[in-house]
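For reference, the structure is listed below as structure tokens.
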Amino acid sequence: MVRTQKPQGEVTRGTTAPNRLRRVDRWIAATQTAVLRSGGFPLAVDLGYGASPVTTFELYTRLRAVSPRLEVVGVEIEPDRVAAGTAFLEATGPHAGLSFRRGGFELPVPRPPVLVRAFNVLRQYDEAAAWRAWDGLRSRLAPGGVLVEGTCDEPGRRAVWVALDPDGPQTITFAAHLPTLDRPSGLAERLPKTLIHRNVPGEPVHDLLTVFDRCWATAAPHSAFGPRARWIEAVKLLARTHPVLTTPPYGGRRRWRLGEVTLPWRTVAP
Ligand SMILES: C[S@@+](CC[C@H](N)C(=O)[O-])C[C@H]1O[C@@H](n2cnc3c(N)ncnc32)[C@H](O)[C@@H]1O
């Protein structure tokens, strides 16, 4: 009898929606281009794609635009959701280099991935399990590979994600639909599981969001030119006290005008 390993992890709610991960996909395509093209047969995993494979298909479309040979595998722990992925391929495919399979944190893929995107997956685990998942997933990356783990709201207007390489967490990115953002600390509810309980006075992430709110208030006169102008000014003010990444590919006006800001992980590390 062939024994198959039980997937590592737990089945959780499968909520997803078309286009909700556009902000993180756009960031991955712009900042991780070199690693997405690295090696002879680069492979990306979308871990925990949920009740519909739509966001995996979007990831595939967006990343193949910058890395045409990239293979994308959607991995889900819940069997009916894997069947939905396969049915999607039968109905719309074939799409060369796109597939779906059952699995968990062990990553049942034929070679180490250059990218793992895990979005809205770890929030339903406890904090200790989220740290363990980070360690396990980054240890399974290809050399120079990246794990992008984060959360967003249902329509994808607020998102926060952390990028980790095999050595550990490297950056944190905050991204928002600016016309509907009251203040930067509105993003706190989207912090990854490893940080969400740390948003309390005395913790670095709380300090960052408090200062960012102050910068946002100071930048209020720039609203006359629209919310993007206000965000860009607030980010510039924040950069006076915090190590905002200010040069491409992670920083600069081109990224900030999208409602993004990226900082080194050490800025928020608990
Ligand atoms: C809320 S859905 C997220 C769907 C999609 N990534 C998104 O952001 O729209 C979370 C999914 O992750 C799956 N999941 C949770 N833990 C997992 C694991 N260890 N391995 C694979 N899938 C997992 C759940 O079964 C669920 O379908």
Side-chain angles (χ1 to χ4, degrees), residues 4-29 43-63 72-89 98-110 112-113 115-141 145-164 173-177 187 189-194 196:
T4 48
Q5 197 196 1
K6 188 174 175 293
Q8 288 174 20
E10 298 157 24
V11 174
T12 56
R13 281 191 305 277
T15 318
T16 188
N19 220 20
R20 80 188 291 216
L21 302 186
R22 61 195 177 282
R23 293 178 195 281
V24 65
D25 289 355
R26 185 165 61 190
W27 183 89
I28 293 170
L43 176 100
V45 171
D46 185 21
L47 184 69
Y49 57 83
S52 145
V54 62
T55 59
T56 308
F57 183 62
E58 290 167 351
L59 182 76
Y60 165 81
T61 308
R62 290 167 182 154
L63 297 191
V72 175
V73 182
V75 173
E76 234 309 325
I77 200 163
E78 206 283 319
D80 288 347
R81 299 174 191 163
V82 182
T86 308
F88 170 85
L89 285 181
L98 174 65
S99 61
F100 296 92
R101 69 187 61 163
R102 180 156 186 244
F105 295 135
E106 77 286 358
L107 300 184
V109 287
L115 167 76
V116 176
R117 184 188 70 179
F119 237 75
N120 300 303
V121 175
L122 297 183
R123 276 294 284 273
Q124 296 172 61
Y125 288 76
D126 66 31
E127 187 185 333
W131 284 104
R132 279 197 303 277
W134 272 16
D135 289 344
L137 289 170
R138 68 184 171 81
S139 75
R140 291 179 194 109
L141 292 170
V146 61
L147 162 65
V148 179
E149 193 278 314
T151 70
C152 67
D153 62 357
E154 211 147 310
R157 288 183 158 189
R158 312 251 183 283
V160 182
W161 59 86
V162 174
L164 301 92
T173 301
F174 298 85
H177 174 252
L187 285 159
E189 61 194 39
R190 295 296 143 197
L191 285 170
K193 191 70 184 204
T194 48
I196 187 113

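Bear in mind that the values here come from a model prediction, so they are computed numbers and not experimental data. We count ligands from 1, going down the list as the structure has it; atoms in each ligand are counted the same way.
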Ligand 1 atoms in contact with [X] (distance to a heavy atom under 4.0 Å):
{"X": "L47", "value": "20 (N), 21 (C)"}
{"X": "F105", "value": "19 (N)"}
{"X": "Q124", "value": "1 (C)"}
{"X": "G103", "value": "20 (N), 21 (C)"}
{"X": "G9", "value": "19 (N)"}

Note the single closest protein heavy atom to [atom], along with its residue, its atom name and the distance in Å.
{"atom": "atom 15 (C) of ligand 1", "result": "E10 O, 3.2 Å"}
{"atom": "atom 4 (C) of ligand 1", "result": "Y49 O, 3.2 Å"}
{"atom": "atom 11 (C) of ligand 1", "result": "E76 OE2, 3.4 Å"}
{"atom": "atom 23 (C) of ligand 1", "result": "I77 CG2, 3.6 Å"}
{"atom": "atom 20 (N) of ligand 1", "result": "G104 CA, 3.1 Å"}
{"atom": "atom 19 (N) of ligand 1", "result": "Q8 O, 3.0 Å"}
{"atom": "atom 17 (C) of ligand 1", "result": "Y125 OH, 3.4 Å"}
{"atom": "atom 24 (C) of ligand 1", "result": "T12 OG1, 3.1 Å"}

Backbone N or O of [Y] within a donor-acceptor pair of the [X] side chain at under 3.5 Å?
{"X": "E58", "Y": "N19", "answer": "yes"}
{"X": "E10", "Y": "Y125", "answer": "no"}
{"X": "E78", "Y": "G50", "answer": "no"}
{"X": "D25", "Y": "L63", "answer": "no"}

Polar-atom distance check: [X] versus ligand 1, any N or O pair below 3.5 Å?
{"X": "G48", "value": "yes"}
{"X": "N120", "value": "yes"}
{"X": "R20", "value": "yes"}
{"X": "V75", "value": "no"}

Which heavy atom of [X] sits nearest a heavy atom of [Y], and at what distance?
{"X": "R140", "Y": "E106", "value": "CD-O, 3.4 Å"}
{"X": "R158", "Y": "H177", "value": "NH1-O, 3.8 Å"}
{"X": "D153", "Y": "R190", "value": "N-CD, 3.5 Å"}
{"X": "R138", "Y": "L164", "value": "CD-CD2, 4.1 Å"}
{"X": "T56", "Y": "G74", "value": "CG2-CA, 3.8 Å"}
{"X": "R117", "Y": "T55", "value": "NH2-O, 3.1 Å"}

Identify which of T56, T15, V121 has a heavy atom lying nearest to atom 3 (C) of ligand 1. T15
Do the side chains of C152 and V24 get nearer than 4.5 Å, heavy atoms only? no
Side chain, backbone, both or neither: which applies to R13 and ligand 1 if a contact is any heavy-atom pair less than 4.0 Å apart? backbone
Is D46 touching ligand 1 with its side chain, its backbone, both, or neither, if touching means heavy atoms under 4.0 Å apart? neither
Check contact between R123 and ligand 1, using heavy atoms of the residue and a distance below 4.0 angstrom. no
Is the closest heavy atom of C152 to ligand 1 under 4.0 Å? no
